[in-house]
Amino acid sequence: MKEYKYKINGNIYKVAVGDIDNNFAEVEVNGVPYKVELDQAKKPVTIINAPRPSAAPRNAEGGKVIAKPASTGGGGHKVVSPLPGTVVSVNVKVGDAVKASDTVAILEAMKMENAIHAGRDGVVKSIEANAGDAVLEGAVIITLD
């Protein structure tokens, strides 16, 4: 027990505080035991309204718009996504002639825009991903002849 001495209106009180269990304390004042109920301060409740993540884009049938990684077969040069992300823009059309260093698409990944280059000279044979499509790493974006 912890002991204290108080002087109130000229009177001296010897107070001993014992165990505190939940809201109750064992207190002894001038040798007389008391069971004292303590006030519990109510803690303020903080409500956090965190923004919800947006849903993945869906096609007309309700399926997720995610291009699958490229298959190993097929002809022509395939320009693939180097990492998962969202296609921001496709800068070519079918039939366009491109050089190896030309930027054919822009991919947003981890809040950064990445320029996707053709990789070799050729003519655009097909465009497999459109602006706004979510693509996985290795997904074909453009096929060159």
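Every value quoted in this text rests on a predicted model; they were computed, and no experiment measured them. The analysis underlying the following values was restricted to heavy atoms, covering all of them including side chains, and did not include hydrogens, waters or symmetry mates.
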Exercise. Between D121 and A100, is there a donor-acceptor pair closer than 3.5 Å when you use the side chain of the first and the backbone of the second?
Worked result: yes
Problem set entry | Sidechain-backbone polar pair: T103 side chain, A105 backbone, donor-acceptor under 3.5 Å | no
Problem set entry | T86 and V88: CA distance, side-chain angles, deciding distance, side-chain contact (heavy atoms from CB on, under 4.5 Å) verdict | CA-CA 6 Å; T86 303; V88 175; 5.7 Å; no
To the nearest 0.5 Å, tell me how far [X] [atom1] sits from [Y] [atom2].
X	Y	atom1	atom2	value
D102	I116	CG	CD1	13.5 Å
N130	S89	CG	OG	11.5 Å
I141	E128	CD1	CD	10.5 Å
I142	H77	CD1	NE2	10.0 Å
K99	H117	NZ	NE2	15.5 Å

Return all side-chain donor-acceptor pairs below 3.5 angstrom for residues 9-25, not counting sequence neighbours, or 'none' if the list is empty.
unit_1, atom_1, unit_2, atom_2, d
N23, OD1, Q40, NE2, 2.8

Anything under 3.5 Å between a donor and an acceptor, one on a side chain of residues 106-115, the other on a protein residue two or more places apart or in another chain? List them.
unit_1, atom_1, unit_2, atom_2, d
N114, ND2, L107, O, 3.3
N114, ND2, M112, O, 3.4

For this session: Treat each ILVMFWY residue as a node, draw an edge where side-chain heavy atoms are under 4.5 Å apart, and state whether V104 and V94 are in one component.
Result: yes
For this session: May I ask whether V123 and V92 are part of the same hydrophobic cluster, defined by side-chain heavy atoms of I, L, V, M, F, W, Y residues being less than 4.5 angstrom apart, directly or through others?
Result: no
Seminar exercise, completed: Exactly one candidate in V90, T143, V79, D96 meets side chain to side chain contact (heavy atoms under 4.5 Å, CB included) with V124; the answer is D96
Exercise. Does S101 have any side-chain hydrogen bond (donor to acceptor under 3.5 Å, both in side chains) partners at least two apart in sequence or in another chain, and if so, which?
Worked result: none
For this session: Heavy atoms only: give me the nearest S81-V135 pair and the separation to one decimal.
Result: OG-CG2, 3.7 Å
Problem set entry | Minimum heavy-atom distance G31-P33, with the two atoms named | O-CD, 3.6 Å
